[in-house]
Asks: 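The structure is given below, and queries will be raised subsequently.
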There are 2 protein chains.
Amino acid sequence: VVTHALDAGLPAVQLREKDLPGRPLLALAERLRRATADRGALLFVNDRLDVALAVGADGVHLGERSFPADVARRMLPPGMRIGCSTHTPADAAACEADFCFFGPVFATPSKAAFGAPHGCARLGEAVRGARVPVVGIGGIDAENVGSVLAAGAHGAAVIRAILTAPDPAHATRALLAAVALGV
Amino acid sequence: VVTHALDAGLPAVQLREKDLPGRPLLALAERLRRATADRGALLFVNDRLDVALAVGADGVHLGERSFPADVARRMLPPGMRIGCSTHTPADAAACEADFCFFGPVFATPSKAAFGAPHGCARLGEAVRGARVPVVGIGGIDAENVGSVLAAGAHGAAVIRAILTAPDPAHATRALLAAVALGV
């Protein structure tokens with residue numbers, strides 16, 4: 001699925017497999033590193049700095065249960081980017097990473113634990129308060145990604161819209177076309 | 001429990017919490033780093049090189065589902081030791097880490113997935129074939145640790161014998177006394 005999405009133009013991938021130990025995660029990260037590098041796309045690794053370092057990822061993504069950003073900063077080379085998950089505009093304003101995710105913007109099963117969706121107005125609030133670029137996440141698809149960008153988000157992250165699509169390449173192209181229109 | 005065991009003379013601790021993400025694992029590792037350093041004991045971190053690096057652990061322990069030893073070696077500073085889990089004498093002979101665990105020596109619930117216990121004869125076989133020090137693990141307690149050392153093991157690792165003991169300090173002293181007699 002990821003290869004099809006990359007071939008369709010996906011510019012960045014985050015590896016997020018919280019239940020895999022080091023070896024299978026490393027093997028997956030190595031495959032994704034090759035697939036992304038071959039196509040000029042970025043690779044981020046969730047939570048595990050060691051896996052990110054081992055494969056030369058472009059960055060790490062830190063959830064609320066991951067390393068604090070300042071600890072990660074000390075451990076990573078200067079070129080490696082750090083993203084953080086945020087779930088309130090106050091979190092986004094306090095974010096000292098290189099960018100943050102903010103969500104859930106819309107309703108989505110994978111973010112239900114983080115409460116009711118914020119909607120685009122609150123996303124806009126997060127964008128205005130943050131000192132770093134904000135990426136919208138949560139229930140985003142080709143239909144609503146335009147409103148995410150219109151709210152000021154610097155990008156959008158999706159899970160279901162590509163991973164569960166009947167045709168991931170088609171879904172990716174639809175998302176990118178909507179982003180191009182939205183920008 | 002760990003502090004009581006350290007106060008009783010435990011010389012090394014391995015942090016092994018496979019289900020914790022980065023932040024709580026780091027917090028636990030920091031506490032264990034202080035507790036071990038204060039008492040001149042060693043700290044090893046299972047699976048996560050990033051956590052080991054962040055707290056300045058003495059080493060990492062790599063299970064069969066962790067990073068390969070050669071990858072870990074490239075990523076860790078020279079002074080940081082690498083231990084590997086092995087479950088056959090052939091694994092122990094092939095081990096390129098700084099030391100290996102071999103087990104289960106005796107029957108134990110936490111190692112049941114690795115098959116029937118090897119017993120001390122097979123432990124001795126592993127010790128003779130390995131190029132690195134071998135540490136026995138699996139069902140070891142104060143009653144049988146002498147036989148583990150008599151088989152040639154360079155040390156013994158325990159979980160239940162200390163963690164589930166009614167008095168962890170007493171259990172640790174009993175183990176260390178048996179080790180002293182065994183040596």
Side-chain angles (χ1 to χ4, degrees), chain A residues 14-31 33-34 44-57 59-77 80-87 91 94-97 101 110 113-114, chain B residues 14-31 33-34 44-57 59-77 80-87 91 94-97 101 110 113-114:
Chain A
Q14 181 190 135
L15 170 57
R16 180 171 174 276
E17 283 290 351
K18 299 188 177 188
D19 296 328
L20 285 185
R23 187 170 299 213
L25 195 60
L26 181 65
L28 200 49
E30 284 168 344
R31 288 177 62 193
R33 175 70 293 184
R34 280 193 295 274
F44 293 85
V45 175
N46 186 278
D47 195 62
R48 288 199 59 147
L49 280 59
D50 47 3
V51 174
L53 286 166
V55 303
V60 297
H61 191 86
L62 305 173
E64 291 182 331
R65 305 253 297 156
S66 300
F67 281 32
D70 59 334
V71 175
R73 185 83 70 192
R74 285 198 296 274
M75 295 179 60
L76 297 175
M80 203 176 276
R81 277 170 266 192
I82 301 174
C84 280
S85 295
T86 67
H87 301 105
D91 284 349
C95 175
E96 294 185 336
F101 280 17
S110 70
F114 298 107
Chain B
Q14 181 190 135
L15 170 57
R16 180 171 174 276
E17 283 290 351
K18 299 190 177 186
D19 296 328
L20 285 185
R23 187 170 300 213
L25 195 61
L26 180 65
L28 199 49
E30 284 168 346
R31 288 177 62 193
R33 175 70 294 181
R34 280 192 296 275
F44 293 85
V45 175
N46 186 279
D47 194 63
R48 289 200 58 148
L49 279 60
D50 48 3
V51 174
L53 287 166
V55 303
V60 297
H61 191 86
L62 305 173
E64 291 182 330
R65 305 252 297 154
S66 300
F67 280 32
D70 59 333
V71 175
R73 185 81 72 193
R74 286 198 297 273
M75 294 179 61
L76 297 176
M80 202 175 276
R81 277 170 267 192
I82 300 175
C84 282
S85 295
T86 67
H87 301 104
D91 284 349
C95 175
E96 295 185 337
F101 280 15
S110 70
F114 298 108

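In what follows, chains are A, B, ... by sequence order, proteins preceding strands, each numbered from 1.
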Asks: Would you say that Cys84(B) contacts Asp91(B) through its side chain, given a criterion of any heavy-atom pair below 4.5 Å between the two side chains?
Replies: no
Asks: Do Arg73(B) and Ile82(B) come within less than 4.5 Å of each other through their side chains, counting heavy atoms only?
Replies: yes
Asks: Specify which of Met75(B), Lys18(B), Arg74(B) makes the most heavy-atom pairs with chain A at under 4.5 Å.
Replies: Met75(B)
Asks: Hey, does Val71(A) have a side-chain heavy atom less than 4.5 Å from the side chain of Arg23(B)?
Replies: no
Asks: Mind running side chain to side chain contact (heavy atoms under 4.5 Å, CB included) on His87(B) and Glu64(B) for me, showing each step along the way?
Replies: CA-CA 9 Å; His87(B) 301 104; Glu64(B) 291 182 330; 3.1 Å; yes
Asks: Pick from Leu20(B), Leu62(B), Asp50(B), Leu53(B): which one has the most heavy-atom pairs with chain A under 4.5 Å?
Replies: Asp50(B)
Asks: Counting only non-hydrogen atoms closer than 4.5 Å, does Leu49(B) touch chain A with its backbone (N, CA, C, O), its side chain (CB onward), both, or neither?
Replies: both
